[in-house]
Amino acid sequence: MLLHVKHLKKSYSGAEGSVPVLRGIDMEVAAGETLALTGESGSGKSTLLHLIGGLDTADSGLIELDGQDITAMDDTQRAAVRRTRIGIIFQQFNLIPSLDIAANIAFQARLAGTYDVGSTDDLAKALGLATHLRKYPEQLSGGQQQRVAIARALAARPQLILADEPTGNLDESTAADVMSQMLALVAQTGAALIMVTHSPRLAGQMGRHLHLRQGLLA
Amino acid sequence: MTATGLSALWSHWRRNPLQLFTLVAGLALATALWSGVQAVNAEARASYDAAAATLGEGQYDQLLPAVGSDIAQETFIALRRAGWLVGPVVEGQIGPAGTQVRLVGIDPLTAPGGLGPVGGGSMDLPQFLSEQPVFANAATAAKLEGLIDAPLVIEPTIAPDTAITDIFVAQRLLGAQGRLNRLILAPEQPVGRPALENIAPDLTRRAAQGGSDVGRLTDSFHLNLTAFGLLSFAVGIFIVHGAIGLAFEQRRAMVRTLRALGMPLRRLIVLMASELLVLALIGGVLGVSLGYIVAATLLPDVAATLKGLYGAQVSGALQLRPAWWLSGLAISVLGTAIAATGALISVARMPLLASAQPRAWATYRARVRQIQMAVSVALLATALILVLVGEGLVMGFGLLACLLIGAALALPLVLDGMLWLASVRARSVVAQWFWADTRQQLPGLSLALMALLLAMAANVGVSTMVSSFRLTFTGFLDQRLASEIYVSAQSVQQARALEAFAAPLTSEVLPLLSVEATLAGLPAELYGARIGATYRDNWGLLAAAPNVWDSVAAGDALLVNEQLARRAGLWVGDDLRIGPQTVLPIAGVFGDYGNPIGQAIVSEPLFSTLHPQVTALRFGLRTDDAEALRNALTDDFGLPAGNITDQAQIKAFSLAVFERTFTVTAALNVLTLSVAGFAIFMSLLTLAGMRLPQLAPAWALGMTRRRLGQLELMRAVVLAVLTTACALPLGLALAWVLLAVVNVEAFGWRLPMYVFPRDYAVLGLFALAAALLAAAWPARRLARTPPADLLKVFANER
């Protein structure tokens, strides 16, 4: 099993004291599997994604990625896991505005030391970005920017891809195109994919579907 | 990973060259002003040290005449025979006025080791004795060329405008045969030698000092320059802080992305710090180069000032000293560290997921604002405490620092309050939007406005000080230079004849009698004055007892200058010893601006009783017809024209010396204000690029781009006016501290403070013009923003 999550809990302190967001999550994801996480706003799906990605720390519980406990790692070790084994696709794209598209796609792979110019070019071609490589993010449309973010995540050849509402900022037609391209490429790499989405239609395209309600898996 | 991270960080500067330019230019300007001043100081200090090394000043104990300036050669011989290891020195000026050289004669056989260029220097003793050369640096040697008959030898280590030679050569060239000025004591003296009082009772021993006298005397001047350098540096650092803050703000999203993609926080911080280090070094190198130009421009004026004020010889040429340029680079790095520490800490402390969220930064900013307020109040309270209980020059500068930094930190909060008041009183919707939008702009502009506040306050403070000084000094010259004609005789006989000749032609003849003395344990001068109408009518006193002139004229009391009074802790009514048996009460204290040492005045008869050997060779003559008197003196008495000086000439010379004193501070003032203007310009230009999201809605709702541009211009003017309004009281407070605290601690006299509303109005107009100029380009750019760019703000897919 690639990912193993056990009794995961997380709460945030608010004006009215501690607010539990995740109240004991147990889940598993196999290598190459695609999983949709759905739920209403505030149900904890993005928090779960952030904990799995090592972007945030849990109050209690266990997250094992390929046998390694992420919750027991310090900041530097979690950064190393993100760099080499996880690819993250954000709703807001989060490209580096001062780097051109080619540099943005290659960025994480270069951080991880797995940069391969051939596979990066292939990704750019597959996502229709080959003619935009010398442009900067601000010169691209939203759909194109999200394709760059997908290419960046895949270029590092991670074991697990985490996508937080990757098509939330796109129109329906563009969203469908981006989604199909992403799924095809993820399938080619053999990575597992966990995607947070509000859309039942997109969730339906994934191999498995989990629904979160008030911090628990329904 | 390091290279990839660095390339991402550097790509920000590549895409934002204006920001990079602001940062590097701010650093370069800050470093330039600081290192320029330091270069001037280093050069001056090197000159003092050269003088000290050349003449042995400060290194050895010395024997000096208790009264007058001469020691008989027989006294030296008597001391040597009694076993005292002393070396004689004679010195005097040689050459025409304006290019005079200080000629020093030493005896290499008896001078303590290491004194002068003989032996350890460029020539051995037998050669020196046989050739009897005069040593001087190249510039001084050029002045002496053709003036003396002794061979000239170039010795670069000799102080400027100073020449060294054998004592007999010096005595011959100076016309001082048989006379000496001081005796230098070897550090090791034979045990059992007779006491000094038994052999030479007229000599006093002065202990060796850590530094040279000149260095000590001019310390205050250099401290003032250093304070200005620091102030200019602070203004520059505000620019740097602004540029770094903006860059970090704009890179928040990038920081989050880098961390999310696996860049460890520690590595990221190290990379950002390294990046800033490189920029600091680039800015530092540019700044040191600019500083060299600033120093080379200022140095001749500084040299003239030091010579005019203290008689200190400073080379007018600049050398590249490693300590100076290294300190320039260090201050650049230090300034960057100060400016960037807050930004780096905030990046390090922000949670990964919160670092790009505006709300988190807003909370953080609110906390910073609270801290800023607390620090400001604490600094201003410290300044108040220092005013009430502090003492010493360092306290004076500490007070200045607390006052200026405290006020600068308070500025954004004060401006915010003012803008809030304006917004609640606004009636029209555009006015309401304008004030609210201006308040929103305040954080982005506050650093530039703080820089403007400091620069303007410095300008108001220093111009008030200089103008107050000028006004007081002019009055002082009228008081002290009351005589229409000053004459000098060449001999005692001629002086007596001259006095007799002038008496019937003048309303008063005022002899100028003085001796060097130690009063209240301090080096001072004792003057004998012929108390008459001139003193009674012209001399204003800072403090006086009743019937002051009558008691001084009767020999029952004396006057002291402010320097002596303050340094010795004396005032009217206190007693002062002026001779072994003579103690008199102080009847008055007079202002004596520009004089570094203490002074006391007694009546002429009392002076003659105390120092019968001193005869006046110079006189001030009072007359209604200066031209007729001058003609009578030259035609009928036969006094050479060169021995007659009229009052106007002396006043003009004194004023010229004074004006040069402040040339340097005036230049620094202009430079500091220019740096502040640059800060505003760069801030507005940078902010203009980030203004679209705020301005686009106003444009969409019906305001034209032209109108928006006009409002941008007006905003700059409003902020400049408000900052000027804050700078004026701060500048006046600064002037008060300089005049009433720093000046007293540094020079020993207090100046009355005058205000000059017209000057402040002109300065305010300059500030407005600078703000308008700085805002013009960004406003024009805004007015010409293509509608497509404004529309992008509303587009979901950008």
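Bear in mind the structure is a predicted one, so any value in this text is a computation, not a measurement. Proteins come first, then strands; the chains are lettered A, B, ... in the order of their sequence lines, and each starts at number 1.
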Residue A:Glu40 excluded, over 12 heavy atoms near CD under 6.0 Å = no

request  = Examine whether an atom of A:Arg152 lies under 4.5 Å from a heavy atom of chain B, and if so say whether it belongs to the side chain, the backbone or both; otherwise answer neither.
outcome  = side chain

query = Is any residue of residues 6-15 of chain B within less than 4.5 Å of chain A by heavy atoms, and which ones?
reply = B:Ser7, B:Ala8, B:Ser11, B:His12, B:Arg14, B:Arg15

B:Leu261 side, atom CG; A:Arg110 side, atom CZ - distance, nearest 0.5 Å = 13.0 Å

query = Around A:Gln139, counting heavy atoms of other residues, nucleotides and ligands shown, do more than 12 lie under 6.0 Å from its CD?
reply = yes

request  = Check B:Thr257 against A:Asn94 and note the closest heavy-atom contact, atom names and distance.
outcome  = CG2-O, 3.0 Å

inquiry  = Using heavy-atom distances under 4.5 Å, tell me whether A:Leu99 contacts chain B through its side chain, its backbone, both, or neither.
reply    = both

request  = Decide, yes or no, whether a salt bridge links B:Arg259 with A:Asp75 under the criterion of side-chain N to carboxylate O below 4.0 Å.
outcome  = yes

message = Is it true that, when you exclude B:Arg266 itself, more than 12 heavy atoms of the residues, nucleotides or ligands shown sit nearer than 6.0 Å to its CZ?
response = no

key: Closest non-hydrogen atom pair between B:Pro264 and A:Arg83, with its separation   = CD-NH1, 3.3 Å

request  = Measure A:Tyr115 against the heavy atoms of chain B and call it side chain, backbone, both or neither at under 4.5 Å.
outcome  = neither

inquiry  = side chain to side chain contact (heavy atoms under 4.5 Å, CB included) for B:Leu258 and A:Ile96? Distances and angles first, verdict last.
reply    = CA-CA 9 Å; B:Leu258 285 174; A:Ile96 294 173; 4.1 Å; yes

